[in-house]
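So you know, we letter chains A, B, ... as the sequences are listed, proteins then strands, and number each from 1. Computed from a predicted model, the values in this text were never measured in an experiment.
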Protein chains: 2
Amino acid sequence: MAMIEKLRQALYRKETVILIAKCSIFYEGRASSKLSEGERIIIIKEDGAVIVHRPFGYEPVNYQPPGSIVTIEDDRGIIKLNILRPRIHEKMVIEIKELKHFYSSRLEDQAEFQMWGDEEDLKQAIILDPAGMLGEELQLVGSEFSLGSAGYADIVFRDINGNLVVVEVKKKTADVSAVYQLKRYVDKIRKEGGSNVSIRAILVAPRFTQSALVALKREGLEYREVSLQHARKILKQKRSLPSFFTS
Amino acid sequence: MAMIEKLRQALYRKETVILIAKCSIFYEGRASSKLSEGERIIIIKEDGAVIVHRPFGYEPVNYQPPGSIVTIEDDRGIIKLNILRPRIHEKMVIEIKELKHFYSSRLEDQAEFQMWGDEEDLKQAIILDPAGMLGEELQLVGSEFSLGSAGYADIVFRDINGNLVVVEVKKKTADVSAVYQLKRYVDKIRKEGGSNVSIRAILVAPRFTQSALVALKREGLEYREVSLQHARKILKQKRSLPSFFTS
DNA sequence: GCCTAGGTCCCGTTC
DNA sequence: GAACGGGGCCTAGGC
């Protein structure tokens with residue numbers, strides 16, 4: 001059977017398709033790109049995601065996200081893949097000069113992906129044990145606290161003296177933009193709450209850039225250095241972790 | 001030949017390897033993750049990049065960037081791929097329960113990837129024709145203007161009245177963080193230059209969020225709405241574009 | 001749809 | 001190596 005027919009049937013059956021092909025690629029949309037002839041890996045997934053990899057590098061050289069529309073065209077022996085995203089007027093065209101390898105099948109993968117160690121876990125540790133993580137007793141007011149046009153504060157506490165405490169958490173080195181992110185929240189709360197409300201702000205991270213420290217001091221904001229390992233220990237104590245983490 | 005031997009030889013010869021396999025995946029490093037059995041696409045590139053895709057979605061579910069060290073282990077019939085990044089103590093383990101498909105070869109791809117339409121092009125259009133893009137005559141002082149700990153200003157001009165004009169360019173919707181990015185640069189220059197230097201600041205983008213506009217007004221910064229098409233037209237006039245754009 | 005914020009972000013560039 | 005900023009970022013969550 002002609003290769004193009006096999007390809008059409010695979011796509012029709014919503015299989016995952018993998019091509020190794022000498023091809024050229026054109027993209028036009030938010031930006032424009034051109035990649036002349038070379039051998040690449042082309043993945044077409046059942047949900048319409050198309051990913052093209054060169055033989056080096058982490059990132060795909062060209063792609064379209066899930067929901068794209070893939071059509072095939074035979075232009076005098078050259079197979080053309082047209083991948084469209086109509087809503088945002090984006091188009092990728094892959095011209096296949098030579099197909100080195102073809103694979104297609106339906107892949108079964110229902111497993112759940114579990115992850116630990118993102119910012120959310122650090123946040124949870126702080127909420128569960130403010131004293132252990134930040135060194136003082138704090139009462140939870142809210143998390144993902146909506147501030148309208150100013151965005152969302154990670155956590156808002158009330159301290160032992162009745163001050164509001166706005167907390168911004170970073171899971172890696174906090175830079176100057178994190179300082180200003182926190183300051184936006186403080187300014188907003190101060191503006192909304194009136195000048196009679198006393199507000200503190202704490203930036204929490206495992207490390208801080210020098211300029212972040214300077215900005216914190218200049219803006220009158222506090223900071224706490226926390227370790228992810230410590231957060232992990234606290235989460236382990238306060239709630240039972242999935243078994244594979246406790247080994 | 002045993003599959004594991006083929007795999008070892010392919011890696012030894014620095015070929016690109018593609019596996020379709022029923023596998024489980026474990027990752028431990030900056031974060032930790034676990035993915036139980038399912039059918040996935042595993043790409044091992046000649047530069048040590050390893051990318052695992054599920055049959056849906058744009059992003060790889062697990063990965064390691066180029067430079068990783070891949071070793072193979074036979075654990076009583078189960079092939080284990082260990083992918084290490086020693087410098088940052090990261091490890092990914094892929095346990096292959098069933099190999100559905102194997103492909104390997106050296107891929108030839110020397111082509112140059114060309115792209116147009118990123119922020120750099122918008123910046124060039126503004127530098128080449130400030131009057132056309134921003135509506136006033138401006139004299140270039142510098143671009144990628146280093147401000148030490150405050151970062152880099154995209155462009156610095158001097159206007160007809162001798163004021164310094166700091167320009168921050170965004171190729172898509174500018175949000176409130178872009179406003180504060182610009183403000184950081186202005187504050188830094190003001191601080192360094194002394195209060196006798198008069199400084200203006202302009203945020204340039206095709207669109208602005210409402211909160212960005214509010215913040216701009218509050219901070220006393222200017223903004224200009226520009227279209228990427230207009231930038232493209234100006235670049236086309238002022239310098240000859242590569243042929244494939246002019247068609 | 002827009003907006004906000006995170007990411008095992010990755011990546012290039014600069015110091 | 002640290003730090004800064006872009007990305008066709010993508011993705012998730014909220015409105």
Side-chain angles (χ1 to χ4, degrees), chain A residues 27-33 49 51 57-67 85 87-92 113 115-120 122-123 144 146-154 168-178 181 184-185 207-212 228, chain B residues 25-33 49 51-52 57-68 83 85 87-92 113 115-123 144 146-154 168-178 181 184-185 207-212 228:
Chain A
Y27 158 76
E28 185 105 36
R30 284 162 291 180
S32 305
S33 76
I51 299 154
Y58 162 76
E59 292 189 325
V61 64
N62 281 107
Y63 59 88
Q64 291 287 35
R85 283 213 282 174
R87 316 268 190 296
I88 63 168
H89 306 291
E90 285 207 308
K91 185 181 186 176
M92 174 166 74
F113 181 66
M115 185 145 70
W116 184 94
D118 51 11
E119 192 191 275
E120 184 56 31
L122 193 45
K123 203 187 300 176
E144 290 304 320
S146 177
L147 296 170
S149 63
Y152 300 84
D154 277 342
E168 175 62 28
V169 182
K170 294 293 167 198
K171 68 158 286 193
K172 40 182 199 176
T173 309
D175 60 16
V176 68
S177 78
Q181 191 182 341
R184 282 206 317 272
Y185 303 153
R207 278 189 72 237
F208 300 83
T209 66
Q210 202 54 44
S211 55
L228 287 165
Chain B
I25 305 171
F26 306 86
Y27 159 75
E28 185 103 36
R30 285 162 290 180
S32 305
S33 77
I51 300 153
V52 182
Y58 162 75
E59 291 189 326
V61 63
N62 282 107
Y63 60 88
Q64 290 288 31
S68 308
I83 301 105
R85 283 212 282 174
R87 278 107 173 125
I88 63 167
H89 305 290
E90 284 207 310
K91 184 181 188 177
M92 174 167 72
F113 181 66
M115 183 145 71
W116 183 93
D118 52 11
E119 192 190 275
E120 185 56 31
D121 294 283
L122 192 45
K123 204 188 299 176
E144 291 304 322
S146 177
L147 297 170
S149 63
Y152 302 84
D154 277 343
E168 175 62 28
V169 182
K170 294 293 167 197
K171 66 158 287 194
K172 40 183 198 174
T173 310
D175 61 16
V176 68
S177 77
Q181 191 183 339
R184 286 205 310 274
Y185 302 154
R207 279 188 72 236
F208 301 82
T209 66
Q210 202 53 45
S211 54
L228 287 165

In dot-bracket, 5' to 3', how would DNA chain D read with Watson-Crick or G-U wobble pairs under 3.5 Å, [ ] for crossing ones and | for pairs to another strand? |||||||.|||||||

Considering only the [atom1] atoms, how many Å lie between [N] and [M], rounded to the nearest integer?
| N | M | atom1 | result |
| --- | --- | --- | --- |
| dT8(C) | dT4(C) | P | 22 Å |
| dG7(D) | dG6(C) | C1' | 15 Å |
| dG7(C) | dG6(D) | C1' | 15 Å |

Only counting residues at least two apart or in another chain, list the ones meeting salt bridge (Lys or Arg N to Asp or Glu O under 4.0 Å) with Lys171(B). none

Would you mind classifying the nucleic acid contact of [X] as base, sugar-phosphate or nothing, using non-hydrogen atoms under 4.0 angstrom?
| X | result |
| --- | --- |
| Ser177(A) | nothing |
| Ala150(A) | sugar-phosphate |
| Lys170(A) | sugar-phosphate |
| Ser149(A) | sugar-phosphate |
| Gly29(A) | nothing |

Protein-nucleotide distance ([X], atom [atom1]; [N], atom [atom2]), rounded to Å:
| X | N | atom1 | atom2 | answer |
| --- | --- | --- | --- | --- |
| His89(B) | dG1(D) | NE2 | P | 11 Å |
| Arg207(A) | dG1(D) | CZ | P | 13 Å |
| Leu147(A) | dC3(C) | CG | P | 18 Å |
| Asp175(A) | dG6(C) | CG | C1' | 13 Å |
| Ile51(B) | dC9(C) | CD1 | C1' | 14 Å |
| Glu144(B) | dC15(C) | CD | C1' | 14 Å |
| Asp154(B) | dG6(D) | CG | P | 6 Å |

Has [X] got a side-chain N or O lying under 4.0 Å from the OP1 or OP2 atom of [N]?
| X | N | answer |
| --- | --- | --- |
| Ser211(A) | dA3(D) | no |
| Gln181(B) | dG6(D) | yes |
| Thr209(A) | dC4(D) | yes |

Over all heavy atoms of both residues, which pair between [X] and [Y] is shortest? Give the atoms and the distance, please.
| X | Y | value |
| --- | --- | --- |
| Ser149(A) | Ser211(B) | O-CB, 3.5 Å |
| Gln64(B) | Ile83(B) | CG-CG2, 3.5 Å |
| Val176(B) | Thr209(B) | N-OG1, 4.1 Å |
| Ile51(A) | Tyr58(B) | CD1-O, 3.4 Å |

Taking atom CZ of Arg30(B) and atom NE2 of His89(B), what is their separation to the nearest 0.5 Å?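 One gets 13.0 Å once the value is rounded to the nearest 0.5 Å.
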
For Tyr152(A), enumerate each residue passing the side-chain contact (heavy atoms from CB on, under 4.5 Å) test, keeping only those at least two apart in sequence or located in another chain.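 Expected list: Glu144(A), Ser146(A).
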
Side chains of Glu90(B) and Tyr27(B): donor-acceptor distance under 3.5 Å anywhere?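 Judged by distance alone, the side chains do pair up.
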
Among residues at least two apart in sequence or on other chains, which ones pass side-chain hydrogen bond (donor to acceptor under 3.5 Å, both in side chains) with Glu119(A)?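 So Glu119(A) forms no side-chain hydrogen bond (donor to acceptor under 3.5 Å, both in side chains) with any residue.
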
So, using side-chain hydrogen bond (donor to acceptor under 3.5 Å, both in side chains) as the criterion, who are the partners of Asp154(A) when residues are at least two apart? none

Can you give one letter per nucleotide of nucleotides 7-15 of chain D, 5' to 3': B if a protein heavy atom sits under 4.0 Å from the base, S if only from the sugar-phosphate, - if neither? SBSSS--S-

